[in-house]
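Down below is the structure, laid out as structure tokens.
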Amino acid sequence: MEPNVEQLMSKLKNLQQMQADAYQLEGIHKEKEELYKVLQFQCEEAEQESSRQLQLNKRSEEQVEQYKCQIEETKLKQRKQRMKFENQLQQLIDQHKNLHSVFTQERLPAEIESIENIKSQRLEAEQLKLSQLRHLEEELDEMRKQSQLETTKAKT
């Protein structure tokens, strides 16, 4: 039995529809491959940026640690200087008490002035050290702000 024309036309129509579907699927497949390549490239860029940010953060943290150490060293030095100053001041006070009996009342104002001059010099030195410490702390704060800004910029 031979297929009739209608059956052949129906089969031809089905084959044409299948071919059209195949072309459409092939187009969709190519679009998806292109999209995959774009996404893969974006992913690689994001990974590189993330790596760069991690390195930048690590350097910033190392600098912060270095500044913390410098601040602690400065505080320790100031503490030692203050203790030395207090000890020297106490020694001077004790000497003054002991010498009071040796010196007359007329000599007392000159001794007091000398001690006050020494005390003033030591206080000025301490103020200088406190100023240096404040400066280091400001630098540390500035580094933290820069690190935060860089992290914020990288996220955007």
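Count residues from 1 along the sequence. In this text, all values refer to a predicted model and were calculated from it rather than measured experimentally.
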Exercise. State, with a plain yes or no, whether a side-chain heavy atom of Q81 is found less than 4.5 Å away from one of K129.
Key: yes
Run the side-chain donor-acceptor check on residues 51-60: report pairs under 3.5 Å with partners two or more places apart or on a different chain.
from	atom 1	to	atom 2	distance (Å)
R52	NE	E49	OE1	3.3
R52	NH2	E49	OE2	2.9
Q53	NE2	E49	OE2	3.3
N57	OD1	T151	OG1	3.4
S60	OG	L56	O	3.2

Quiz item: Side chains of R82 and E126: does their closest heavy-atom pair fall under 4.5 Å?
Solution: yes
Quiz item: Out of curiosity, K13 NZ to M18 CE, how far, rounded to the nearest 0.5 Å?
Solution: 15.0 Å
Quiz prompt | Qualifying side chain to side chain donor-acceptor pair (under 3.5 Å) pairs with a residue from residues 15-35, counting only residues at least two apart or across chains | solution = Q17-D21, Q19-Y23, H29-E33
Quiz item: Is the closest basic N to carboxylate O distance between E116 and K119 below 4.0 Å?
Solution: no
Exercise. Please identify each residue that fulfils side chain to side chain donor-acceptor pair (under 3.5 Å) with E73, with sequence neighbours left out.
Key: none
Quiz item: Should we say atom CD of Q40 is surrounded by more than 12 heavy atoms from elsewhere, each under 6.0 Å from it?
Solution: yes
Quiz item: Which atom names give the shortest non-hydrogen contact between K68 and L140, and what distance separates them?
Solution: CG-CD2, 4.4 Å
Practice problem: Go through R122 and Q88 one step at a time and tell me if the side-chain hydrogen bond (donor to acceptor under 3.5 Å, both in side chains) criterion holds. | Solution: CA-CA 10 Å; R122 299 270 162 75; Q88 289 174 342; 2.4 Å; yes
Quiz item: Is L92 linked to F85 within one hydrophobic cluster, defined over Ile, Leu, Val, Met, Phe, Trp and Tyr using a side-chain heavy-atom separation of less than 4.5 Å?
Solution: no
Quiz item: Got a second to check how far E124's CD is from L128's CG, nearest 0.5 Å?
Solution: 9.5 Å
Quiz item: From S10 OG over to N4 CG, what is the distance, rounded to the nearest 0.5 angstrom?
Solution: 9.5 Å
Quiz item: Can you hop from L133 to V64 via hydrophobic side chains spaced under 4.5 Å?
Solution: yes
Quiz prompt | Main-chain N/O of Q148 paired to T152 side chain as donor or acceptor, under 3.5 Å | solution = yes
Quiz item: E139 pairs by side-chain contact (heavy atoms from CB on, under 4.5 Å) with which of E142, H135, E137?
Solution: H135
Quiz item: Under a 4.5 Å cut-off applied to non-hydrogen side-chain atoms, are L35 and L39 in contact?
Solution: yes
Self-check item: Candidate pair E72 and K75, rule side-chain contact (heavy atoms from CB on, under 4.5 Å), full reasoning
Solution: CA-CA 5 Å; E72 287 304 314; K75 284 181 179 179; 4.0 Å; yes
Quiz prompt | Nearest-0.5 Å distance, NZ of residue K37 to CD of residue Q42 | solution = 14.5 Å
Self-check item: Trace of the side-chain contact (heavy atoms from CB on, under 4.5 Å) decision for R79 with L76
Solution: CA-CA 5 Å; R79 194 174 300 123; L76 182 62; 3.9 Å; yes
Quiz item: For the side chain of T74 and the backbone of Q70, is there at least one donor-acceptor N/O pair under 3.5 Å apart?
Solution: yes
Quiz item: Quick one: are S131 and R134 in side-chain contact, heavy atoms under 4.5 Å?
Solution: yes
Quiz item: Rounded to the nearest 0.5 Å, how far apart are CD1 of I93 and NE2 of H96?
Solution: 9.5 Å
Quiz item: Can you tell me how far CD of E61 sits from OG of S147, rounded to the nearest 0.5 angstrom?
Solution: 7.5 Å
